[in-house]
Amino acid sequence: MSLKAIIAPSMLSSDFAQLAKEANEIVAVNGADWLHMDVMDGHFVNNLTLGAPVIQCLRKHTPAFLDCHLMVERPQDYITPFKNAGANLFTFHYEATGIPGNPITPMEVVQQVKQAGMFCGISIRPPTPVDVLLDSGLAAAVDMVLIMTVNPGWGGQSFMGEMMSKVHTLRERYPHLLIQVDGGLGPDTIDTAARAGANVIVAGSSVFKAADRKGVIETLRTAVAAHAAAIPHEAIVQATLRGKEQTHVAAHH
Ligand SMILES: O=C(CO)[C@@H](O)[C@H](O)COP(=O)(O)O
Ligand SMILES: [Fe+2]
């Protein structure tokens, strides 16, 4: 049993005018596992990108696993549209819930996403401590935790290495959990992230700007595989599972 490396290029850095072609190439030709779709509403973050209609169109052109990162206010309003559009994984931001403007608890959103039949991820911005996911039971309830390594909103920012203590804390507690990192990942930063225990790697500009996209994806995968293999077997066996293995997510792509 080992932790699978999952490489998820961020389509935000692709040519949106050729989205289907870019999506199919990055998977079939360049070896990506998932497509990371950055959904920004112009409110939770300043940028405005795409929503369920684009997911629905893309779904008609690819069977790939659609990893949707929702940087939106009121994420609960997007669950049914994203399910109907063909999203596989719905990752929302902890900070968008449990606030005066949106008092729904993050756990309620997790339950609604799962009831809708999607995998569920939860994400925290750089200023948010990882503790909010631990004692609350959220890390145990979701299929994936996304630790942001930049302030969300834009591609092409610098990787924040100081976020790795969050990844390390989570990996110690949850040897099986899918831990995604997003922002500034590429050949120069992957070792730091992989060593801390991240196994789901989002990479936008480092992949799409590269002359050799396939080579970059391979470099990312090799680094994660090398560090994941170092997780003691005993730790994996003793992991507290939630009734199913998180690695099932990977089996669906
Ligand atoms: O969610 C986000 C940004 O908010 C990301 O998914 C970026 O799109 C990653 O781009 P790079 O930092 O890899 O260029
Ligand atoms: Fe993202």
Side-chain angles (χ1 to χ4, degrees), residues 5-16 19 22-23 26 30 32-52 54-55 58 64-73 75 78 82 87-96 119-128 142-164 166-167 178-194 198-213 215-217 219-221 223-224:
I6 296 170
I7 312 302
S10 165
M11 300 310 292
L12 187 60
S13 294
S14 74
D15 179 356
F16 273 7
L19 188 56
E22 293 269 64
I26 208 73
N30 302 136
D33 298 288
W34 292 356
L35 301 174
H36 183 81
M37 307 301 298
D38 286 303
V39 178
M40 305 185 189
D41 66 354
H43 295 281
F44 184 78
V45 292
N46 290 332
N47 202 0
L48 179 64
T49 57
L50 57 91
V54 172
I55 300 293
L58 182 60
F65 187 98
L66 297 178
D67 158 26
C68 299
H69 175 195
L70 284 96
M71 289 158 272
V72 300
E73 293 181 345
Y78 295 73
F82 272 69
N88 298 97
L89 168 60
F90 183 103
T91 299
F92 68 98
H93 270 264
Y94 172 84
E95 301 88 355
F119 292 108
C120 186
I122 192 161
S123 178
I124 52 173
R125 284 173 169 154
T128 306
V142 293
D143 297 294
M144 186 182 81
V145 170
L146 164 51
I147 300 294
M148 287 306 297
T149 46
V150 296
N151 282 307
W154 309 93
Q157 304 182 74
S158 296
F159 175 76
M160 298 167 74
E162 61 272 32
M163 295 302 123
M164 292 305 98
K166 298 184 192 178
V167 173
L178 295 179
I179 303 179
Q180 184 174 58
V181 282
D182 184 7
L185 271 303
D188 296 341
T189 51
I190 188 61
D191 277 321
T192 308
N199 73 306
V200 186
I201 311 299
V202 177
S205 40
S206 71
V207 167
F208 283 100
K209 288 206 169 78
D212 179 11
R213 294 178 178 178
V216 172
I217 289 172
T219 302
L220 300 177
R221 187 186 306 290
V224 174

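Counting starts at 1 for both ligands and their atoms, following the listed order. All values below come from the heavy atoms of this structure, side chains included, with hydrogens, waters and symmetry mates left out. The structure presented is a predicted model; accordingly, all values stated were derived computationally and were not measured.
- Defined by atom type and a distance below 3.5 Å, a donor-acceptor pair is present between the side-chain atoms of S10 and D38.
- Across S123, G186, G153, G204, heavy-atom proximity to atom 4 (O) of ligand 1 is greatest for G153.
- Rounded to the nearest 0.5 Å, atoms SG (C68) and CD1 (I55) are 4.0 Å apart.
- The atoms of ligand 1 that sit less than 4.0 Å from any heavy atom of G183 are 12 (O).
- Here the CG atom belonging to D41 is positioned 9.5 Å from the CE atom belonging to M71, to the nearest 0.5 angstrom.
- Of the protein's non-hydrogen atoms, G184 N, 2.8 Å is the one closest to atom 12 (O) of ligand 1.
- G204 and S13 make their closest contact through C-OG, 3.3 Å (heavy atoms, listed as atom of the first residue, atom of the second, distance).
- In this structure, the separation between CZ on R125 and CG on L146 is 12.5 Å, given to the nearest 0.5 Å.
- With respect to the Fe ion (ligand 2), D182 has OD2 as its nearest N, O or S atom.
- Taking distance alone, with nitrogen or oxygen atoms compared against 3.5 Å, G156 approaches ligand 1 more closely than that limit.
- Taking distance alone, with nitrogen or oxygen atoms compared against 3.5 Å, M71 stays at or beyond that limit from ligand 1.
- A pairwise comparison of heavy atoms in P9 and I26 identifies CG-CG1, 3.8 Å as the closest pair.
- Looking only at side-chain heavy atoms (C-beta outward), W34 and L89 come within less than 4.5 Å of each other.
- Considering only non-hydrogen protein atoms, atom 9 (C) of ligand 1 sits nearest to D182 OD1, 3.4 Å.
- In terms of polar-atom proximity, defined here as any N/O pair under 3.5 Å, S206 makes no such contact with ligand 1.
- Listed by atom number, the atoms of ligand 1 under 4.0 Å from H36 heavy atoms are 6 (O).
- Restricting D38 to its N, O or S atoms, the one at the least distance from the Fe ion (ligand 2) is OD1.
- Residue contacts with ligand 1, taken as heavy atom pairs separated by less than 4.0 Å, involve P152 via backbone and side-chain atoms alike.
- If you number the atoms of ligand 1 from 1 as listed, the ones under 4.0 Å from a heavy atom of A203 come out as 13 (O).
- The N, O or S atom of H69 lying closest to the Fe ion (ligand 2) is ND1.
- Residue S205 approaches ligand 1 through these ligand atoms, each under 4.0 Å from one of its heavy atoms: 11 (P), 13 (O), 14 (O).
- Remark: ligand 1 and S13 share no N or O pair separated by less than 3.5 Å (distance only, no angle test).
- When hydrogens are left out, the protein atom nearest atom 3 (C) of ligand 1 is W154 O, 3.4 Å; that is the closest non-hydrogen contact.
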For V200 and V181: C-alpha separation, side-chain torsions, deciding distance, then whether side chain to side chain contact (heavy atoms under 4.5 Å, CB included) applies. CA-CA 6 Å; V200 186; V181 282; over 6 Å; no
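- When every heavy atom of K166 is checked against every heavy atom of P126, the shortest pair comes out as NZ-O, 3.0 Å.
- Of the polar atoms of H69, at least one N or O is found under 3.5 Å from an N or O of ligand 1, judged by distance alone.
- Between H36 atom NE2 and I201 atom CD1 the span is 12.0 Å, to the nearest 0.5 Å.
- At the top of the distance list for atom 10 (O) of ligand 1, counting protein heavy atoms only, stands G155 CA, 3.6 Å.
- Remark: ligand 1 atoms within the under-4.0 Å shell around heavy atoms of V202 are 6 (O).
- With hydrogens and angles ignored, the 3.5 Å screen pairs no side-chain donor or acceptor of T128 with any backbone N or O of I124.
- For the residue pair D67 / H69, no side-chain donor-acceptor distance below 3.5 Å is found, with atom types taken as modelled.
- Ligand 1 has no N or O atom lying under 3.5 Å from any N or O atom of L12, backbone or side chain.
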